[in-house]
Amino acid sequence: MSSSTTSGHWSQALTAAMSDPQQILDSDDQIVIIKDKYPKALYHFLVLPRRKMPNLRNMTKNDLDLLKYMHNKGEAFANRANKELKFRFGYHAIPSMSHLHMHIISQDFNSLCLKTVKHWNSFNTKNFVDSADLIKEIETKGRFEIDQEEISLLLKKDLSCHVCKQSFSTLPKLKDHIVLHDVTRRENK
DNA sequence: GTTCTAGAAC
DNA sequence: GTTCTAGAAC
């Protein structure tokens, strides 16, 4: 069988991971939590609903209960993993992998797997949709809107620090800079 | 999503 | 010469 058949294609890897007991960190009847295979920060996990969910812009109020459940499970999991670091919980507006997944990611971005401009911007522009914002917008407007063209431009735009907004010409320079910030922690004392 | 690597940028 | 990005992957 070819490796490019649908079930074996790279974009289906999350669906495969969900049914691999060795990869499951936590699960219940509604969700599964796994490690991101190429973590972009010290702590980087994914919350996946067991049932198939539409993509962000096809969500309706009927999906709110599960979205809230995923959010709460994600926050609890982050608290268990590390109480010092600041975390964000959210979805990529333009995801590469199939099967809806909520990222749980600490804001240190200290990782050798973070290698490209697109990596950086996918977590630090409007391509990263905070779970709380998604939920709020579906509650108030009944749906979530995405300007795909705007987002794909953002992914290529110049790099800037998520803490102080300083711009950098290359990713290595930005990575050298962000380690200087201690405000990736929850309390900046 | 990643790997590989050509050639642009420095 | 080295660093860095960006496009193909059959």
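Per chain, numbering begins at 1; letters A, B, ... match sequence-line order.
- In this structure, A/H119 reaches the sugar-phosphate backbone alone: every heavy-atom distance under 4.0 Å involves primed, P, OP1 or OP2 atoms, never a base.
- Within the 4.0 angstrom heavy-atom criterion, only backbone atoms of the sugar-phosphate kind lie near A/K40; the bases stay farther away.
- At a threshold of 4.0 angstrom between heavy atoms, the contacts of A/L14 with the nucleic acid are absent.
- At a threshold of 4.0 Å, the pair A/R88-A/D130 counts as salt-bridged, since one of the basic side-chain nitrogens sits closer than that to a carboxylate oxygen.
- In 5' to 3' order, the nucleotides of DNA chain C bounding all contacts with chain A (an atom under 4.0 Å from a heavy atom) are C/dC4 to C/dT5.
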Can you give the donor-acceptor pairs under 3.5 Å from side chains of residues 133-142 of chain A to other protein atoms, not counting sequence neighbours?
unit_1	atom_1	unit_2	atom_2	d
A/E139	OE2	A/K68	NZ	2.8
A/T140	OG1	A/K136	O	3.1
A/T140	OG1	A/E137	O	3.3

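- A ring-centre distance under 6.0 Å is found for A/H177 and A/F168.
- With salt bridges taken as basic N to acidic carboxylate O contacts below 4.0 Å, none links A/K126 and A/D147.
- Of the listed residues (A/W120, A/F128, A/F123), just one forms a ring pair (Phe, Tyr, Trp, His ring centres under 6.0 Å) with A/H162, and that residue is A/W120.
- Using a 4.0 Å heavy-atom criterion, one finds that A/P172 contacts the sugar-phosphate atoms exclusively.
- Within 4.0 Å (heavy atoms only), A/S11 reaches no atom of the nucleic acid at all.
- Among the heavy atoms of the strands, none lies under 4.0 Å from A/K37.
- When both distances must be under 3.5 Å, the Watson-Crick or G-U wobble mate of B/dG1 does not exist.
- Taking 4.0 Å as the cut-off between side-chain N and carboxylate O, A/K86 and A/D108 do not count as a salt-bridged pair.
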